[in-house]
Visitor: 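Below are the structure tokens for one structure; questions will follow.
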2 protein chains.
Amino acid sequence: MSKLSRKEEIKNCAARLFRKKGFAATSVRDIAKEMGMEAPSLYNHISSKQEILDELLLEIGEAFVEGMDQIRTAPISSIQKLERLVGLHVSLTIEHTDAISLIPSEYVHLEGKAEQQYFKLREQYEKELRKIFRACIKEKAINEVNVDLAMFSMLSSLRWLYSWYSKNKKINSIALEQEMIKNLIDGIRVN
Amino acid sequence: MSKLSRKEEIKNCAARLFRKKGFAATSVRDIAKEMGMEAPSLYNHISSKQEILDELLLEIGEAFVEGMDQIRTAPISSIQKLERLVGLHVSLTIEHTDAISLIPSEYVHLEGKAEQQYFKLREQYEKELRKIFRACIKEKAINEVNVDLAMFSMLSSLRWLYSWYSKNKKINSIALEQEMIKNLIDGIRVN
DNA sequence: GTCTATAAGTCGATAGAC
DNA sequence: GTCTATCGACTTATAGAC
């Protein structure tokens, strides 16, 4: 683990607070207190509170798109891609638990250019995921489901995995991936 | 549809705004503006901004617990209870889309007594759901999954259904229920 | 039941000393 | 790079006229 810059420390600290109370309800003074300094001192490292949220969400968004790109170009079947995608969510959840937690709710506080970039990343990700789902159906690997609904349903579970993981950190990354593949792709009903 | 009291109008209005910007980022002035009145006038109908959130979340929480109670005491198999539970989420999502949207993220802004009541309702609901899952396993209707993880995974999808539904309102309630049962219980993989 | 005026506090951010 | 002091805007909520 490389030494964190002061700015990275602040961002990690802020991510933890944003997760707990939300971006809007977390003050710059709260972040400073958690860092053990006075609020104005933060501004030697950041330019605004908004910048912290922007960078946290864009970095995690880029990580998802990069992961998706590797999966997209891998020489494997579509259903294997879908399984690897579950693994991507599990890995990023374990590595960036606090930042991941901001995705479902705090993106609404993005503004201007950062907001545009974020939505672009999200669209890109969802577009590729939709392609994988359609290919799975074409290859008769998954049933003829309503693609958007099934995709949204799967993403919802994966986006909230951080919540379960925070209370169950002892689980092995690979075991968690396997269990989620069973839950989300195979289903739970005995057949 | 019965005529709404002024307070109910305000709560519906606030729910829509809380959903869009979050509770903390929505000001009393925002709510007043949406209602076509000045901010202080709201206080003839409500006692505080906090009260609005408290009531919105407690009412929807009570609706879930009541629905769960009917399912719990119904003379049906455990797996049928699980399926009816999906239906309960679908129904409440369609009837109270905005209020439902507050559950995943805005509960963190509850305080004091309302916070306690809300957590009590949530625990009650999750406890009953856990029982249903365990009974399903015992009856060999679902596989021997990690109960908490499978339960959380299912709930995450159901809690975020409002988001998909908002963009796809034309779907039939029963069709949506059937599709979600397939996604969440049967799985999507061809077998 | 709605308004204007305003209290009392918090917000993000800056100026400038050290 | 950290601090104290502070600005100006915004916050929830109340007082009191109509």
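Naming: A, B, ... by sequence-line order, numbering from 1 per chain. Here the structure is a predicted model, which means the values were calculated and not measured.
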Visitor: How close do Tyr162(A) and Ser101(A) get, counting heavy atoms only, and between which atoms?
Guide: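 The pair with the smallest heavy-atom distance is CE1-CB, 3.3 Å.
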Visitor: Which listed nucleotide (dT14(C), dA13(D), dG1(C)) is nearest to the side chain of His45(B)?
Guide: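 Nearest to the side chain of His45(B) among the choices is dG1(C).
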Visitor: Identify which nucleotide among dT11(D), dT14(C), dC11(C) has an atom closest to any side-chain atom of Ser27(B), counting heavy atoms from C-beta outward.
Guide: dT11(D)
Visitor: Whole angstroms only, please: what is the NZ-P distance between Lys21(B) and dC10(D)?
Guide: 12 Å
Visitor: Whether the side chain of Asn172(A) engages the backbone of Ile174(A) through a donor-acceptor N/O pair (distance < 3.5 Å, no angle test) should be reported.
Guide: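 Yes, the answer is positive, given that a donor and an acceptor are paired below the 3.5 Å cut-off.
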Visitor: Please give, in whole Å, the distance from dT11(D) P to Leu17(B) CG?
Guide: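 For the pair Leu17(B) CG and dT11(D) P, the rounded distance is 13 Å.
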Visitor: Quick check for you: among dT4(D), dG1(D), dC3(C), whose closest atom lies nearest to any side-chain atom of Met37(B)?
Guide: dC3(C)
Visitor: Distance criterion of 3.5 Å, no angle test: do you see the side chain of Arg29(A) paired donor-to-acceptor with the base of dG12(C)?
Guide: yes
Visitor: Starting from P on dC11(C), measure out to CG on Asp30(A) and report it in whole angstrom.
Guide: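 Whole-Å distance recorded here is 7 Å.
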Visitor: Please tell me if Ser41(B) has a side-chain N or O lying less than 4.0 Å from either OP1 or OP2 of dC3(C).
Guide: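 Yes, Ser41(B) has a side-chain N/O under 4.0 Å of OP1/OP2 on dC3(C).
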Visitor: Centre of Tyr107(B)'s six-membered ring, under 6.0 Å away, within 45 degrees of the axis: is that where NZ or CZ of Arg122(B) sits?
Guide: yes
Visitor: Output yes when Arg189(B) and Glu83(A) qualify as a salt bridge under the 4.0 Å nitrogen-oxygen rule, no when they do not.
Guide: yes
Visitor: Please state how far atom CD1 in Ile52(A) lies from atom P in dG12(C), giving the value in whole angstrom units.
Guide: 10 Å
Visitor: In whole Å, I'd like the distance from the CD1 atom of Ile46(B) to the P atom of dA13(D).
Guide: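 It works out to 7 Å between those atoms.
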Visitor: In whole Å, I'd like the distance from the CD atom of Glu38(A) to the C1' atom of dT6(D).
Guide: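 Computing the Glu38(A):CD to dT6(D):C1' distance gives 14 Å.
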Visitor: In the structure I gave you, are the side-chain heavy atoms of Met35(A) and Arg6(A) within less than 4.5 Å of one another anywhere?
Guide: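 Yes, side chains in contact.
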Visitor: Measure CD1/Ile31(B) against C1'/dT11(D) and give the value in whole Å, please.
Guide: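 Going from Ile31(B) (CD1) to dT11(D) (C1'), I get 12 Å.
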Visitor: Taking the side chain of Pro40(A) as heavy atoms from C-beta outward, which of dA5(D), dG1(C), dT14(D) is closest to it?
Guide: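 For Pro40(A), the side-chain atoms sit closest to dA5(D).
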Visitor: May I have the distance from Lys49(B) (atom NZ) to dT10(C) (atom P), rounded to whole angstrom?
Guide: 15 Å
